[in-house]
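What follows is a single structure, written as structure tokens, with notes after it.
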Amino acid sequence: MTEPTPPARKRRRHAVALVAVVIILGLIGTLMVTALVRRTQQRHAGQSMDQHADEVARAVTSEADRYRDTLSDVAAAVGAQSDFTAGDFTEITSRLTRQRLPGATTVAFAVAAEDNQVSEVEAAWRARGAPGLTLRTLGPAREHMFLIFSRPLDDTPSLPGLDVGQAPEAADALHTARASGQVTASHTYVLLKDRTLPATEQQMSFVLATPINGGLGTPDAGRFRGWMVMGMRGSDFMQETLQSRSRDLLNVTLVDMSTPTPTLVAQPRISAAPRAGALRRERNVVVGQRQWQLHLAPTDAFLMNTDRRMPALAFVVGTLMTLLVAAMAGVLVGARVRAMNAVDRATTALREDIRRREAVEAQLREREDDLRQLALHDPLTGLANRILFGERADHAIATHSRGATTFAVMFIDLDGFKQINDTLGHGAGDAVLNEVADRLRRCVRLGDTVGRFGGDEFAVLAEQVTTIDDATIVADRIIRALEQPFVINDQAHRISASAGVALHKQDMSVAMIIQTADRAMYVAKAAGKGRYVVAPGRGPADEPATPPPIRGSR
């Protein structure tokens, strides 16, 4: 075996040195990139956590204000009655439902009475529509606070005649509300009517209370008449509030900080991710004169969304690239210049060929995307056309058949659109159709499909629907959105919409459910337009219905 010549040994040493330099520089660069990616990821995760925390705090405050305003409106309506009876209470609270007030258990009217006034108060309210009312006390007290009329908003029966002063937390809230004249939240406790439930079903809850004073023009104007009280289950309130906001990304605990020892209002729904202390956040909110504190921590889903594996991935990719470059450097240095030049020329030609091929493929993909866009979307509004809507409905049939949910189709036809088209021209009509499309998009969720079938006919595919009530909420929102005026040439014009709602049932084809929704839409038009009708099947009776007015919200 011949000894390598000095030039060969020198070239070998140069090659080894070059490879070593490439490896060292590559590892240094990899470490720097990894550190930069880690800092960027941590900063992004912190910003995302702050954004989610602020959004949750705003959501809790907004929901609490909505409940407060609803209770205040009911109290004002009660105070305006000169001779308040059970019938008045039923009428005033008839619009309050579990769907409009998630987490609420009961809305009730309560009055105060001394020990020597119990019989007199009982007789007075029996005469006002509560013949079976029995005021129950648990012994003498300076002042009792009896529930006179009560409307349950869940499956737990109400307890008229109960002395809510049995619960010190509720009594303190009622006293504070009467003294301040404002809606007041109690400290957390187990509601009296929930104490008969199994311990596993009991929740930490609170009540909202507001005083009722006689209204202007009544015989007892300005005089204290009682309280309106609303029971709230803490975990149910938080779950409904965060349902569309936290998206299982946050572990949220709600704590009442207005007591000497902080007390729990709502338990988190899911566990926090371990070793995420730097991302934990706290936010303060005020509910009914009580200071609450939100403790927010990220979950595994949040950390997965922030791509916390990127630093490790960057290190692995950087190391592999470094080794690859070092190997290539070793091979290239050992080759002759002529061979290197030949390889360079071949590589250059190959890259140019790849670039040309990629450019041709990109042009073909763009043309294919354009053709698909034209084939499956309405050219005016950009909404799904009948073909794409049918494909989405076919997919919904296949996916929902394996789960506990279904989907609904809403067929919508504009009322009065032809008059705008005839009097203002097709340009104005196109502008109205585009505005209608935008409003429909804002009325549905991201996963739902809005389509235009031609002219002034639109359709909505609402997926992941449990009951027909879920679909009618969307239909009600659409009817109200399209009642708002359309500004054309600086003038407001009004149209309305008639909608048919059909819930998918087993063995229904796409054509059948669309036809069912179409027939229901014609029933809505025949009933007077500007309303929606639910097709026969699951859900409420199929009769013309107008969206109920929203009361108690601002």
Determine whether [X] and [Y] make a side-chain contact, defined as any pair of heavy atoms from C-beta on separated by less than 4.5 Å.
{"X": "V409", "Y": "V460", "answer": "no"}
{"X": "L279", "Y": "L296", "answer": "no"}
{"X": "L414", "Y": "L433", "answer": "yes"}
{"X": "T472", "Y": "D469", "answer": "yes"}
{"X": "I420", "Y": "I488", "answer": "yes"}
{"X": "Q484", "Y": "R439", "answer": "yes"}
{"X": "E282", "Y": "L294", "answer": "no"}
{"X": "T105", "Y": "M232", "answer": "no"}

Closest non-hydrogen atom pair, [X] against [Y]:
{"X": "V285", "Y": "A57", "answer": "CG1-O, 3.8 Å"}
{"X": "A471", "Y": "M410", "answer": "O-CE, 3.3 Å"}
{"X": "A437", "Y": "L383", "answer": "CB-CD1, 3.6 Å"}
{"X": "T106", "Y": "S150", "answer": "CG2-OG, 3.0 Å"}
{"X": "A499", "Y": "I479", "answer": "CB-CD1, 4.1 Å"}
{"X": "Y67", "Y": "G103", "answer": "OH-N, 4.3 Å"}

Original post:
Which is it for M32 and L36 under the side-chain contact (heavy atoms from CB on, under 4.5 Å) test, yes or no, and what are the steps along the way?
Top reply: CA-CA 6 Å; M32 293 175 63; L36 179 62; over 6 Å; no
Please check this pair: side chain of [X] against backbone of [Y], looking for a donor-acceptor N/O pair closer than 3.5 Å.
{"X": "R531", "Y": "K529", "result": "yes"}
{"X": "D448", "Y": "E463", "result": "yes"}
{"X": "T381", "Y": "N434", "result": "no"}
{"X": "S48", "Y": "H44", "result": "no"}
{"X": "R290", "Y": "A185", "result": "yes"}
{"X": "S94", "Y": "E91", "result": "yes"}
{"X": "D415", "Y": "G530", "result": "yes"}
{"X": "S62", "Y": "R58", "result": "no"}
{"X": "R151", "Y": "L96", "result": "yes"}
{"X": "R100", "Y": "R95", "result": "yes"}

Using 0.5 Å steps for rounding, measure from the [atom1] atom of [X] to the [atom2] atom of [Y].
{"X": "L153", "Y": "M230", "atom1": "CG", "atom2": "CE", "answer": "7.0 Å"}
{"X": "M521", "Y": "E457", "atom1": "CE", "atom2": "CD", "answer": "5.5 Å"}
{"X": "M508", "Y": "I514", "atom1": "CE", "atom2": "CD1", "answer": "10.0 Å"}
{"X": "T467", "Y": "L503", "atom1": "OG1", "atom2": "CG", "answer": "8.0 Å"}
{"X": "L440", "Y": "I478", "atom1": "CG", "atom2": "CD1", "answer": "5.5 Å"}
{"X": "K505", "Y": "I513", "atom1": "NZ", "atom2": "CD1", "answer": "9.0 Å"}

Under 4.0 Å between a Lys/Arg side-chain N and an Asp/Glu carboxylate O for [X] and [Y]?
{"X": "R68", "Y": "D73", "answer": "no"}
{"X": "R281", "Y": "D54", "answer": "no"}
{"X": "E352", "Y": "R355", "answer": "yes"}
{"X": "R442", "Y": "D438", "answer": "no"}

**OP:** Could you please spell out the steps behind the side-chain contact (heavy atoms from CB on, under 4.5 Å) verdict for R452 and N385?
**Re:** CA-CA 5 Å; R452 181 186 176 213; N385 62 11; over 6 Å; no
Original post:
Applying ring-ring contact (aromatic ring centres under 6.0 Å, His included), which residue pairs with at least one partner in residues 443-473 are found, sequence neighbours left out?
Top reply: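 Residue pairs passing ring-ring contact (aromatic ring centres under 6.0 Å, His included), neighbours aside: F389-F453, F411-F453.
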Is it true that, when you exclude [X] itself, more than 12 heavy atoms of the residues, nucleotides or ligands shown sit nearer than 6.0 Å to its [atom1]?
{"X": "F486", "atom1": "CZ", "result": "yes"}
{"X": "Q291", "atom1": "CD", "result": "yes"}
{"X": "Q51", "atom1": "CD", "result": "no"}
{"X": "R445", "atom1": "CZ", "result": "yes"}

Subject >> Verdict with reasoning, Q464 to T405, per side chain to side chain donor-acceptor pair (under 3.5 Å) >> reply: CA-CA 5 Å; Q464 301 299 328; T405 59; 3.1 Å; yes
**OP:** Applying ring pair (Phe, Tyr, Trp, His ring centres under 6.0 Å), name anything that partners H400, two or more places apart in sequence or on another chain.
**Re:**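 Checked H400 against ring pair (Phe, Tyr, Trp, His ring centres under 6.0 Å); matches are F407.
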Subject >> Worked verdict on R480 versus E483 for salt bridge (charged side-chain N to carboxylate O under 4.0 Å, His left out) >> reply: CA-CA 5 Å; R480 291 182 178 277; E483 287 176 347; 5.2 Å; no
**OP:** Tell me, with the steps shown, if V229 and L208 meet side-chain contact (heavy atoms from CB on, under 4.5 Å).
**Re:** CA-CA 6 Å; V229 181; L208 294 175; over 6 Å; no
Original post:
Listed by chain and number, what are the side-chain hydrogen bond (donor to acceptor under 3.5 Å, both in side chains) partners of N489, not counting sequence neighbours?
Top reply: none
**OP:** Quick one: do M49 and Q47 satisfy side-chain contact (heavy atoms from CB on, under 4.5 Å)? Show the steps, please.
**Re:** CA-CA 5 Å; M49 192 66 192; Q47 292 172 348; over 6 Å; no
Original post:
Only one of H395, E391, R392 forms a side-chain hydrogen bond (donor to acceptor under 3.5 Å, both in side chains) with T449, so which one is it?
Top reply: R392
